[in-house]
Asker: 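So that we are looking at the same thing, I have put the structure below in structure tokens.
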2 protein chains.
Amino acid sequence: MASREYGQFCGLARAMEMIGERWSVLIIRNLLIGAQRFTDLHRGLPAIPTNVLSARLKQLEEAGLATRRALPHPERAVVYELTDFGRDLEPALIALGRWGARTLAEPRPGEVVTAESIAMSFRTTFQPEAAVGVTAGYELRMGDFTFRLQITDGALAVGIGPHPSPDLVIERLTGFPIRELITGGKTPDEVLRDGSVRTEGDPALLGRFVEMFRF
Amino acid sequence: MASREYGQFCGLARAMEMIGERWSVLIIRNLLIGAQRFTDLHRGLPAIPTNVLSARLKQLEEAGLATRRALPHPERAVVYELTDFGRDLEPALIALGRWGARTLAEPRPGEVVTAESIAMSFRTTFQPEAAVGVTAGYELRMGDFTFRLQITDGALAVGIGPHPSPDLVIERLTGFPIRELITGGKTPDEVLRDGSVRTEGDPALLGRFVEMFRF
DNA sequence: CCGAATCCTGGTAGATACTG
DNA sequence: CAGTATCTACCAGGATTCGG
């Protein structure tokens, strides 16, 4: 038996052979946002050594989860992108992230919060059954980060950066109002009245937001 | 930052810190069947070094996923068992196993098929929406292994060993008829007529079986 | 500056032997 | 039965270097 295999004819064992090494699932999490350059990935995973990032990308490519592509001319850059096969891991990563999030209390000393980890938290808290038939675009402005959440016919797409045509913009002014909305710590009325958020657009969509994103 | 952490405030990163090391998820997969002794785990994971199994069990216990318990007197033995927290990983493991199973073609040279990996495959192929309201007990006899699948009000429980009061017994006689039923390679009528399976009990439950277990 | 490759160190896993 | 001990080999972490 080759040394990095599990010696079992089992789907779960095969999955762990492909993504079980250190950093792999976090790289995939970040690629779920979209194509990324080596440097983007390194920025989003500041603690990964560059040689390990390099090795993992090569492995993910060999396993058919990601592709490496050189952008056409003026943009001479290399981007990494998930294949359909790699993207099919999303439900499993959401389930894992939801399980792990139960242990999140406070950031540990030295821990960072990245845009990609916040984007993942929108995926893990999304409640498809509360979004059936919904189509709406949200822009969330949270200090340094802005996210676009597009729900199209009940399906969620998460992006980093402004939304081109949001139905509702939710802007954080103070504290952590969006986390409080999602955990149920505060109601939409409360965060509007205490001045921790400001909205632009259809105000009814804030109530819909807390129905669709719950933890 | 401690060396085995990811330095990110993220549920997925926390999950990988707890179960991301080699062998951990396969140990959890085997514990999903029920309490197991050290030797049971080693039998179900023949390729794991005993020192690594020992270390992983200690870690799982420290992380609150499993407990170590000495059985009362005459049975002087130690069993390991998942906590509720550990058992909550089941949906994530099912999603991962389902994803990985897409790459399963033939066993690689030297690979073994264990009872626990087959039990996992029943979990990954189970279709809850096809089992809504169903209550039925199956006993599956597949050569060396026998499994009990109890569906109670749409919820599946998988065990290794005979079913105390099966509504239908499905016995493999030749080939891989149960896999063929689940993948759609053969219909219930076909496997009955070609003599690859024999059943005892309510024959209608064989049709129900292929509706509830699909890949 | 981007995307690595190289080198070194220390820690983790694999293999096997051994013990209460 | 349920592990521990020991040794080796490999992998990850960290820093530096290098070609396009």
Side-chain angles (χ1 to χ4, degrees), chain A residues 1-8 13 16-27 30-31 35-62 66-81 110 112, chain B residues 1-8 13 16-27 30-31 35-63 66-81 110-112:
Chain A
M1 183 189 56
S3 74
R4 298 277 97 190
E5 299 175 355
Y6 286 103
Q8 304 214 346
M16 294 316 290
E17 288 168 3
M18 290 188 275
I19 65 164
E21 280 172 304
R22 202 159 151 67
W23 294 106
S24 290
V25 309
L26 295 188
I27 292 170
N30 284 15
L31 290 176
Q36 305 245 25
R37 294 190 300 183
F38 189 92
T39 319
D40 298 330
L41 289 166
H42 197 203
R43 223 192 316 276
L45 264 6
I48 192 176
T50 60
N51 57 347
V52 174
L53 177 54
S54 192
R56 289 296 167 276
L57 288 169
K58 213 162 289 178
Q59 283 176 269
L60 292 177
E61 200 185 347
E62 278 166 17
T67 56
R68 182 196 143 103
R69 183 161 55 87
L71 289 182
H73 199 57
E75 300 262 3
R76 79 181 187 306
V78 179
V79 292
Y80 296 89
E81 200 163 17
V112 298
Chain B
M1 182 187 59
S3 73
R4 296 278 97 189
E5 300 176 353
Y6 286 103
Q8 303 215 349
M16 294 315 290
E17 289 168 3
M18 289 188 276
I19 64 163
E21 280 171 305
R22 202 160 150 67
W23 295 105
S24 289
V25 309
L26 295 188
I27 293 170
N30 285 15
L31 290 176
Q36 306 246 26
R37 295 188 298 184
F38 188 93
T39 316
D40 299 330
L41 288 166
H42 197 203
R43 224 193 316 275
L45 265 5
I48 192 175
T50 57
N51 56 348
V52 174
L53 176 55
S54 193
R56 289 295 168 276
L57 288 168
K58 215 161 287 179
Q59 283 176 269
L60 292 177
E61 200 185 348
E62 278 166 18
T67 57
R68 182 196 142 101
R69 183 161 55 87
L71 290 182
H73 200 58
E75 300 262 4
R76 77 182 187 306
V78 179
V79 292
Y80 295 89
E81 201 164 18
E111 272 188 344
V112 298

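Each chain gets a letter, A, B and so on, in the order its sequence line appears, and its residues count up from 1.
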Asker: B:Ile27 and side-chain contact (heavy atoms from CB on, under 4.5 Å): which partner among B:Leu53, B:Ile19, B:Val52?
Answerer: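 So, applying the side-chain contact (heavy atoms from CB on, under 4.5 Å) to B:Ile27 and each of B:Leu53, B:Ile19, B:Val52, only B:Leu53 qualifies.
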Asker: Which heavy-atom pair separates A:Glu5 from B:Arg22 by the least distance, and what is that distance?
Answerer: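 That closest heavy-atom pairing would be O-NH2, 2.9 Å.
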Asker: Verify the contact: side-chain N or O of B:Tyr80 to OP1 or OP2 of D:dG3, cut-off strictly under 4.0 Å; return yes or no.
Answerer: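 For D:dG3, OP1 or OP2 has a side-chain N or O of B:Tyr80 closer than 4.0 Å.
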Asker: Please name the pair of heavy atoms, one in B:Thr67 and one in B:Glu61, separated by the smallest distance, quoted to 0.1 Å.
Answerer: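 In terms of heavy atoms, the two residues are closest at CA-CG, 4.3 Å.
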Asker: Any side-chain N or O of B:Trp23 less than 4.0 Å from the OP1 or OP2 oxygen of C:dT12?
Answerer: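 Looking at the OP1 and OP2 atoms of C:dT12, neither is under 4.0 Å from any side-chain N or O of B:Trp23.
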Asker: Do any side-chain nitrogens or oxygens of A:Arg37 fall under 4.0 Å of OP1 or OP2 in C:dC1?
Answerer: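 Indeed not, no polar side-chain atom of A:Arg37 lies that close.
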Asker: Measure from CZ on A:Arg68 to P on C:dG3 and round the result to the nearest Å.
Answerer: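 For the pair A:Arg68 CZ and C:dG3 P, the rounded distance is 9 Å.
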Asker: Can you tell me the distance, in whole Å, between the OH atom of B:Tyr6 and the P atom of D:dG13?
Answerer: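 After rounding, the gap between these two atoms is 8 Å.
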Asker: So does B:Arg22 get a side-chain nitrogen or oxygen closer than 4.0 Å to the phosphate oxygens (OP1/OP2) of D:dC11?
Answerer: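 Answer no for this pair, as no side-chain N or O of B:Arg22 is under 4.0 Å from OP1 or OP2.
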Asker: Ignoring hydrogens and angles, does a donor from either the side chain of A:Asn51 or the base of D:dG14 sit under 3.5 Å from an acceptor on the other?
Answerer: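 Flag set: donor-acceptor pair detected.
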Asker: Is the distance from OP1 or OP2 of D:dA2 to the nearest side-chain N or O of B:Ser54 less than 4.0 Å?
Answerer: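 No.
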Asker: Can you say whether a donor on the side chain of B:Thr50 sits under 3.5 Å from an acceptor on the base of D:dA2, or the other way round?
Answerer: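 By the distance-only test, no, there is no pair.
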Asker: Is A:Lys58 close enough to C:dG3 that one of its side-chain N or O atoms is under 4.0 Å from OP1 or OP2 there?
Answerer: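 The answer is no; no side-chain N or O of A:Lys58 sits under 4.0 Å from OP1 or OP2.
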Asker: Can you check whether A:Arg43 has a side-chain N or O nearer than 4.0 Å to OP1 or OP2 of C:dC1?
Answerer: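 Looking at the OP1 and OP2 atoms of C:dC1, neither is under 4.0 Å from any side-chain N or O of A:Arg43.
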Asker: Measure from CG on B:Leu57 to P on D:dG3 and round the result to the nearest Å.
Answerer: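 Going from B:Leu57 (CG) to D:dG3 (P), I get 7 Å.
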Asker: Of A:Val78, A:Leu57, A:Val79, A:Leu60, which is the lone residue that meets side-chain contact (heavy atoms from CB on, under 4.5 Å) with A:Arg68?
Answerer: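 By the side-chain contact (heavy atoms from CB on, under 4.5 Å) criterion, A:Arg68 pairs with just one of A:Val78, A:Leu57, A:Val79, A:Leu60: A:Val78.
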Asker: Go nucleotide by nucleotide along DNA chain D from the 5' end; which of A:Gln59 and B:Asp40 gets its closest nucleotide reached first?
Answerer: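 Looking at the nearest nucleotide for each, B:Asp40 comes out on the 5' side.
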Asker: Would you kindly give the CD1-to-C1' distance between B:Ile27 and D:dG3, to the nearest whole Å?
Answerer: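 Value for this atom pair: 14 Å.
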